[in-house]
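Quick caveat, the model's predicted, so the values are computed rather than measured. Every chain is numbered from 1, with letters handed out A, B, ... down the list of sequences.
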There are 2 protein chains.
Amino acid sequence: MTARSTNTGEGSGAQDPHRDIPEATVARLPVYLRALTSLAERNIASCSSEELATAAGVNSAKLRKDLSYLGSYGTRGVGYDVDYLSYQIAREIGVTHDWPVIIVGIGNLGQALANFSGFSSRGFRTVALLDAAEQMQGRTVAGLEVRPFADLAEIVAAEQVSIGVISVPATAAQDVADAMVEAGISSILNFAPAVLNVPPGVDVRKVDLSIELQILAYHESRKAAEADETVDNGSEEGITA
Amino acid sequence: MTARSTNTGEGSGAQDPHRDIPEATVARLPVYLRALTSLAERNIASCSSEELATAAGVNSAKLRKDLSYLGSYGTRGVGYDVDYLSYQIAREIGVTHDWPVIIVGIGNLGQALANFSGFSSRGFRTVALLDAAEQMQGRTVAGLEVRPFADLAEIVAAEQVSIGVISVPATAAQDVADAMVEAGISSILNFAPAVLNVPPGVDVRKVDLSIELQILAYHESRKAAEADETVDNGSEEGITA
DNA sequence: CTATGTGAAGGGGTTCACAGCC
DNA sequence: GGCTGTGAACCCCTTCACATAG
């Protein structure tokens with residue numbers, strides 16, 4: 001899903017000896033972190049794996065297994081300290097300090113992203129909004145002035161940006177990605193419905209709205225087909241006569 | 001990831017004997033469909049698995065394996081007919097006809113979704129926009145009038161809606177989901193950063209922007225750590241003395 | 001006695017490599 | 001000869017069940 005996973009072996013031989021956390025676990029750590037934050041807001045100081053798992057929408061065995069990759073941060077017979085575990089997960093993800101982020105493409109979606117509080121609340125700070133369109137220049141969105149796309153490299157260098165968000169039309173996405181990589185960005189969150197080619201060492205994650213809907217449609221079709229069948233067959237199991 | 005997967009065995013015994021397509025494959029079919037559409041637009045009538053795989057951003061073995069679950073729609077020694085394969089995939093997904101969709105929560109993100117052409121272009125038609133806020137009533141967004149949340153059940157019944165999109169704040173998401181399920185919706189695309197509880201038979205897919213960023217941040221942190229190490233150790237492989 | 005942490009078993013998905021068909 | 005379709009090997013992830021620690 002990321003360039004990292006499709007381009008193993010870029011040249012960094014040993015797989016980071018410290019600890020290597022499975023990708024599936026990495027994808028769930030933010031969910032656990034959010035669940036813990038939610039517990040903390042309700043003044044809950046400690047919780048069992050069962051409780052945290054429920055809050056995160058997974059089963060407790062999976063949660064414990066996931067946490068075991070980070071270390072032993074619980075207490076047997078007791079559970080987990082909410083604040084302590086929160087910190088450990090945040091540290092593992094690397095969101096104990098804020099990451100500067102830029103957004104390229106300030107259309108409807110880009111504006112929504114710029115205004116999205118969830119971005120800034122957890123470890124990210126939008127430092128610039130860029131758009132190529134003449135008519136966007138100088139406008140203010142979410143308290144930031146929209147700047148010309150040509151300023152990309154300058155901004156990335158000045159603000160030490162390593163994460164970029166692409167919310168331009170599909171046709172422009174590859175060009176934007178190329179420019180981002182050229183400027184030194186090494187992680188891209190892509191909202192454009194296009195496949196991006198990036199060099200090894202650059203991670204890309206894709207959020208594709210119509211793909212998600214199509215996956216739902218597939219299951220929806222099957223439900224309809226199943227319902228029809230049930231009508232045809234009456235019940236399904238063991239009537240055999 | 002969906003309620004379906006966490007709630008197997010709701011009561012529909014046999015696993016649909018026709019064909020059961022792996023979930024991972026289902027998630028890629030829309031990608032293939034888009035790649036094919038893109039080829040068709042360039043007037044390419046047929047392609048090899050290699051070409052299509054490149055356009056879709058996967059390797060050709062995986063593509064062929066995925067397509068093999070649908071049937072044998074290629075020609076050995078030749079490749080695939082673009083239009084024919086497109087139709088077969090669209091039929092399998094269930095997007096040969098349009099699905100009516102409603103969006104609940106017409107804030108920044110909801111408006112962006114309503115305006116998003118990709119929704120309507122491939123198998124989906126937004127039939128209603130709902131919002132609970134008084135001040136949103138009567139406004140027109142993307143050519144549709146915003147209607148009160150209370151009209152949900154009525155609209156779902158009248159338009160035969162089975163897919164709903166949630167773009168409300170996290171605190172309201174569960175209530176909206178409950179109302180959707182009550183009204184008869186059985187597939188939900190959730191943009192709110194919250195875990196939804198739904199009964200068996202209802203599918204939920206989650207799109208969580210800050211989780212995606214945090215996953216990128218994790219890898220970004222590791223890259224930084226690796227770079228430091230490389231500086232410390234010089235080269236990494238086989239120095240052993 | 002309770003709840004975590006974890007080897008081991010089981011299930012799915014990806015990749016390989018080649019048989020099969022054009 | 002070329003490219004698809006697919007069994008088999010491999011690898012990762014999930015789940016189970018219990019040893020372990022408080």
Legend entry - Electrostatic pair B:R64:B:E50 at N-O distance under 4.0 angstrom: no
Where [X] and [Y] come nearest, the two heavy atoms and their spacing:
| X | Y | result |
| --- | --- | --- |
| B:A27 | A:I215 | CA-CD1, 3.7 Å |
| B:A56 | B:Y32 | CB-CD2, 3.7 Å |
| B:S186 | A:K223 | O-NZ, 2.6 Å |
| A:A177 | A:L196 | CB-CD1, 4.0 Å |
| A:I188 | A:V202 | CD1-CG1, 4.4 Å |

Legend entry - Residues that A:Y84 engages under ring pair (Phe, Tyr, Trp, His ring centres under 6.0 Å), provided they are two or more places apart: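 In terms of ring pair (Phe, Tyr, Trp, His ring centres under 6.0 Å), with neighbours along the sequence ignored, A:Y84 is linked to A:Y73.
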Quick one: [X] [atom1] to [N] [atom2], roughly how many Å, whole number?
| X | N | atom1 | atom2 | result |
| --- | --- | --- | --- | --- |
| A:Y69 | C:dT4 | OH | C1' | 15 Å |
| B:D66 | C:dT14 | CG | P | 7 Å |
| A:L85 | C:dA3 | CG | C1' | 15 Å |
| A:L63 | C:dA3 | CG | C1' | 12 Å |
| B:L67 | C:dT14 | CG | P | 13 Å |
| B:K62 | C:dC16 | NZ | P | 11 Å |

Inset, instruction - Could you check which residues of residues 24-33 of chain B get a heavy atom under 4.0 Å from DNA chain C? Sort them by number, please. - result: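 The answer is B:A24, B:R28.
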Inset, instruction - Apply side-chain contact (heavy atoms from CB on, under 4.5 Å) to A:F124 and A:I163, showing your working. - result: CA-CA 10 Å; A:F124 303 93; A:I163 302 178; 4.0 Å; yes
Legend entry - C:dT4 OP1/OP2 closer than 4.0 Å to side-chain N/O of A:S49: yes
Legend entry - Distance (rounded to the nearest 0.5 Å) between B:L36 CG and B:L85 CG: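 So the CG of B:L36 and the CG of B:L85 are separated by 5.0 Å.
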Legend entry - From B:D66 atom CG to B:R28 atom CZ, the distance as rounded to the nearest 0.5 Å: 4.0 Å
Inset, instruction - With sequence neighbours excluded, give me every salt bridge (Lys or Arg N to Asp or Glu O under 4.0 Å) pair touching residues 30-49 of chain A. - result: A:R34-B:D208
Inset, instruction - Mind running a 4.0 Å heavy-atom check of residues 76-83 of chain A against DNA chain D and sending the residues that fall below it, in number order? - result: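 A:R76, in order of number.
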Heteroatom pairs (N/O) under 3.5 angstrom, protein to nucleotides 8-11 of chain C:
none

Legend entry - Terminal contacting nucleotides, 5' and 3', DNA chain D versus chain B (heavy atom, 4.0 Å): D:dG2 to D:dA8
